[in-house]
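In the text below, chain A, chain B and the rest are named by the order of the sequence lines, each starting its count at 1. The shown structure was predicted, so the numbers you read here are calculated from the model rather than taken from an experiment. What's counted below: heavy atoms across the whole structure, side chains too, no hydrogens, waters or symmetry copies.
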There are 2 protein chains.
Amino acid sequence: MEMKKKATIVDVAKEAGVSVATVSRVVNGNYPVKPETRERVQSAINALQYVPNVQARELNTRHSSTIGVVVPGLYNMFFAEVIDGIEKSMRRQGYSLLLNCAQNDPELEMECINALVSRSVSGIIVISPNTEGLREEFYRRIVKRVPLVFINGYHRIPNVSYVANDEALGTRQALEYLTGLGHKHILFVRGENSDSYTVKERAYRAFMAEQGLFNEKDIVDIGEGNNIDTVTSARIKLMKVMPELAPTAVFCCNDLMATGAIRACKRLGLRVPQDVSVVGFDNITLSKLVDPQITTMDQNMFQLGSNAAAVLVEMIHGGQSKRITLENILITRESTGPCKTEA
Amino acid sequence: MEMKKKATIVDVAKEAGVSVATVSRVVNGNYPVKPETRERVQSAINALQYVPNVQARELNTRHSSTIGVVVPGLYNMFFAEVIDGIEKSMRRQGYSLLLNCAQNDPELEMECINALVSRSVSGIIVISPNTEGLREEFYRRIVKRVPLVFINGYHRIPNVSYVANDEALGTRQALEYLTGLGHKHILFVRGENSDSYTVKERAYRAFMAEQGLFNEKDIVDIGEGNNIDTVTSARIKLMKVMPELAPTAVFCCNDLMATGAIRACKRLGLRVPQDVSVVGFDNITLSKLVDPQITTMDQNMFQLGSNAAAVLVEMIHGGQSKRITLENILITRESTGPCKTEA
DNA sequence: CTGTTAGCGCCTTCAA
DNA sequence: TTGAAGGCGCTAACAG
């Protein structure tokens, strides 16, 4: 269908009988303009419904007011909530947000970022980045061109800012809570392709080793950890391994997996928490909607997002990179209880 | 911190010893270039890490490759899943996606759209728009400047495209299913501020009236229907009205509300589905993760999104506006069963 | 096949 | 206080 051709600054200038420079001045309000000419320009603007062309402006000021956000996907509410935090605080500052879903595919993640760079966004936030291997070199290069903030990224790269929960500490706290309940055999459930899992696994290994409770077999990887099938794949995997392993508790790297764990228990005829305790991570809204409600480490996603936004804006204005670490809080709900054999 | 100045097409041309036109040609691959010069240009590009400036390109081709998406919020997974559908198919076509959350606030919704227009996005998709009252005039004006697609929008505006599920039909089907199970007293649970609810309510009224089963009191509005508190507010509201109304079934306008309904039943000591049946709408992943799993009308959010994307692209290329209606499928799960008094 | 050149719409010195 | 003019980085005729 026919679109009305948009009026340009030239049209407005002609209409008002002034130069384009003058129009530019009243639009941006950055230089003095005589009140009456200003008024003349204003009415020309209204008459033509003139809307400045952002591309042109940004082309010649060489900076854009949009930022890029890259997430693995939207299926895990974790990301949706973080984005919400970013969006709300960015909007307040006048930035718009270009969203890219990398589908947990490292290749695609890089593509997305390249696309963002070529759109000359003025900054990029990557949630749960994939920074292993080659990617490090890639990010080192990117950060030379545009400010970068990682949310829950662990691989340190110079000049990148980090906003994260202390997931290692959070893991330890959860584990301490579980051992405090008398549990000695605790499964560790993780996914693939995210530094978060690795950090948590490391914390798990350390803690369990300290307690003399570590067993390699207790670490189970369910594959993709953030998509529409995660709950199911966690359930299936756990139904396979739990009968043999017979743990009294299960620590899951996120609430989706925890949900799967609970379903696995139900199908296996195990009661939660009487027969086995389950703890999750994130505290997405889902975690209090399933039955039993999940005991989980809260990541306060909204704060994660708004902090990242704040740091990014600082960097855009020339600030140094920095690291912000938030602390997790354990939300005790119904999925955990004292170890049976102790009771 | 210092950002490395980006190489421009001129730098590449100089480096490769060719003209900018040639560089442009190899970058865009739209005109023949001798293989060896192409190669020379390529290596110059790599050497300088040249990334084309999208703003500049779009400025002179006069069309942008980004589209805008406006949603009420991300807390209801419904929106996240629709966005996923949009994103995936838009990416394939080379478009990026500017995301705005209007927080179910009609004013903010208009602001978002204005911002999008001034960024000269080449099209806008609005999910569950708020089109009552003044807003109609607003949208009529917008659609003169940029192609517009509404997902699940019901207020007809000329030249706007619509992609929707037949929510009225879906409602009727769900209701027929319930009456088929012997239910005669069915509550209708809705939220505020969205045309979807109104459409469903109309279908409910019509159907129940036909059956001689309608009662004004059976319509309950729980307020905001898509945010983080929806489950809770639905639960609270229903715990208040259910004891008096004593329905044998509850129809909810979305799965969040259905989840709230189930929780309300539990707290009231009513078993689902033995004492009361609950049906939801949308079929978000949550609906099969709660206990009991929710019987719900599937909206196939992914298709909603990808269809909207397809239509928008058509319109961008000059196509006429159109309406696409998808049909819902009832997903029967555990939250519904035969009416007790019939059994 | 390749180079030259004229803009795209806007901002910003520099003069007036 | 205002206007003229030179780009920003790139594409697309138009010549060669």
Side-chain angles (χ1 to χ4, degrees), chain A residues 3-42 44-45 48-66 115 117-122 145-146, chain B residues 3-42 44-45 48-66 94 117-122 145-146:
Chain A
M3 288 294 133
K4 187 155 62 179
K5 203 163 92 286
K6 299 201 314 198
T8 76
I9 197 172
V10 179
D11 302 323
V12 177
K14 220 170 291 174
E15 172 85 9
V18 298
S19 74
V20 295
T22 303
V23 178
S24 170
R25 287 177 189 121
V26 351
V27 169
N28 297 300
N30 48 359
Y31 288 95
V33 174
K34 202 197 301 177
E36 49 188 82
T37 51
R38 169 191 308 286
E39 210 160 293
R40 210 139 37 85
V41 172
Q42 266 310 347
I45 288 177
L48 300 175
Q49 293 187 192
Y50 167 67
V51 183
N53 179 322
V54 178
Q55 337 251 117
R57 169 186 290 150
E58 296 188 346
L59 172 58
N60 91 29
T61 57
R62 272 167 300 283
H63 63 279
S64 124
S65 61
T66 107
V117 170
S118 75
R119 275 172 194 293
S120 31
V121 293
S122 52
R145 310 179 141 269
V146 43
Chain B
M3 288 293 134
K4 185 157 66 179
K5 202 162 94 284
K6 301 200 308 197
T8 76
I9 198 171
V10 179
D11 302 322
V12 177
K14 220 170 293 175
E15 171 86 7
V18 298
S19 72
V20 295
T22 303
V23 178
S24 171
R25 287 177 190 122
V26 350
V27 170
N28 297 300
N30 48 0
Y31 287 96
V33 175
K34 203 198 300 178
E36 50 188 79
T37 51
R38 168 190 308 286
E39 213 159 290
R40 208 138 40 83
V41 173
Q42 266 308 349
I45 288 177
L48 299 175
Q49 296 184 187
Y50 167 68
V51 183
N53 179 321
V54 177
Q55 337 251 121
R57 171 186 290 151
E58 296 188 345
L59 173 58
N60 85 30
T61 57
R62 270 167 301 284
H63 63 277
S64 130
S65 61
T66 109
V117 170
S118 77
R119 275 173 194 292
S120 34
V121 293
S122 53
R145 312 182 138 267
V146 44

Inset, instruction - Could you check whether Ser24(A) gets within reach of a base, just the sugar-phosphate, or nothing at all, counting any heavy atom under 4.0 Å? - result: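 The residue Ser24(A) makes base contact.
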Inset, instruction - Indicate, with a heavy-atom threshold strictly under 4.0 Å, whether Val18(A) touches base, sugar-phosphate, or nothing. - result: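 Here Val18(A) touches the backbone only, sparing every base.
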If we ignore hydrogens and angles and just use 3.5 Å, is the side chain of [X] paired with the main-chain N or O of [Y] as donor and acceptor?
{"X": "Asn28(A)", "Y": "Arg25(A)", "value": "no"}
{"X": "Arg40(A)", "Y": "Ala16(A)", "value": "yes"}
{"X": "Arg57(B)", "Y": "Gln55(B)", "value": "no"}

[N] [atom2] sits how many Å from [X] [atom1], rounded?
{"X": "Arg40(A)", "N": "dT1(D)", "atom1": "CZ", "atom2": "P", "result": "15 Å"}
{"X": "Asn53(B)", "N": "dT11(D)", "atom1": "CG", "atom2": "P", "result": "9 Å"}
{"X": "Asn30(B)", "N": "dC10(D)", "atom1": "CG", "atom2": "C1'", "result": "12 Å"}
{"X": "Lys6(B)", "N": "dG9(D)", "atom1": "NZ", "atom2": "P", "result": "9 Å"}
{"X": "Lys14(B)", "N": "dG3(C)", "atom1": "NZ", "atom2": "P", "result": "15 Å"}
{"X": "Arg38(A)", "N": "dT2(D)", "atom1": "CZ", "atom2": "C1'", "result": "13 Å"}
{"X": "Arg119(B)", "N": "dC10(C)", "atom1": "CZ", "atom2": "P", "result": "15 Å"}
{"X": "Arg57(A)", "N": "dG7(D)", "atom1": "CZ", "atom2": "C1'", "result": "17 Å"}

Inset, instruction - Confirm from the modelled atom types if Arg62(A) and dG9(D) form a donor-acceptor pair under 3.5 Å, side chain to base only. - result: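 No such pair is found, so the answer is no.
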Within the pair [X] and [N], is there a side-chain N or O less than 4.0 Å away from OP1 or OP2?
{"X": "Thr22(B)", "N": "dC1(C)", "result": "no"}
{"X": "Asn28(B)", "N": "dC10(D)", "result": "no"}
{"X": "Thr37(B)", "N": "dT2(C)", "result": "yes"}
{"X": "Ser19(A)", "N": "dG3(D)", "result": "yes"}

Legend entry - Qualifying residue for side-chain hydrogen bond (donor to acceptor under 3.5 Å, both in side chains) with Glu58(A), from Ser122(A), Ser120(A), Ser65(A):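 Between Glu58(A) and the candidates, side-chain hydrogen bond (donor to acceptor under 3.5 Å, both in side chains) is satisfied uniquely by Ser65(A).
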Legend entry - Which nucleotide in dT2(D), dT11(D), dG9(C) has an atom nearest any side-chain atom of Ile9(A):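 Nearest listed nucleotide: dG9(C).
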Inset, instruction - Measure from the side chain of Val33(A), starting at C-beta and using heavy atoms only, and say which of dC10(C), dT2(D), dT2(C) lies closest. - result: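 Of dC10(C), dT2(D), dT2(C), dT2(D) is nearest to the side chain of Val33(A).
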Legend entry - Comparing Tyr31(A) and Ala56(B) on DNA chain D - which has the more 5′ nearest nucleotide: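 The residue closer to the strand's 5' end, by nearest nucleotide, is Tyr31(A).
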Legend entry - Within-4.5 Å side-chain heavy-atom neighbours: Leu59(A) and Asn53(B):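 Yes. Closest side-chain heavy atoms under 4.5 Å.
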Legend entry - 5' precedence on DNA chain C between Asn60(A) and Ala21(B) (nearest-nucleotide basis):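 Going by which nucleotide is closer to the 5' end, it is Ala21(B).
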Inset, instruction - Assign each of Arg25(B) and Ala7(A) to its nearest nucleotide of DNA chain C by heavy atoms, then name whichever residue's nucleotide is nearer the 5' end. - result: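 Going by which nucleotide is closer to the 5' end, it is Arg25(B).
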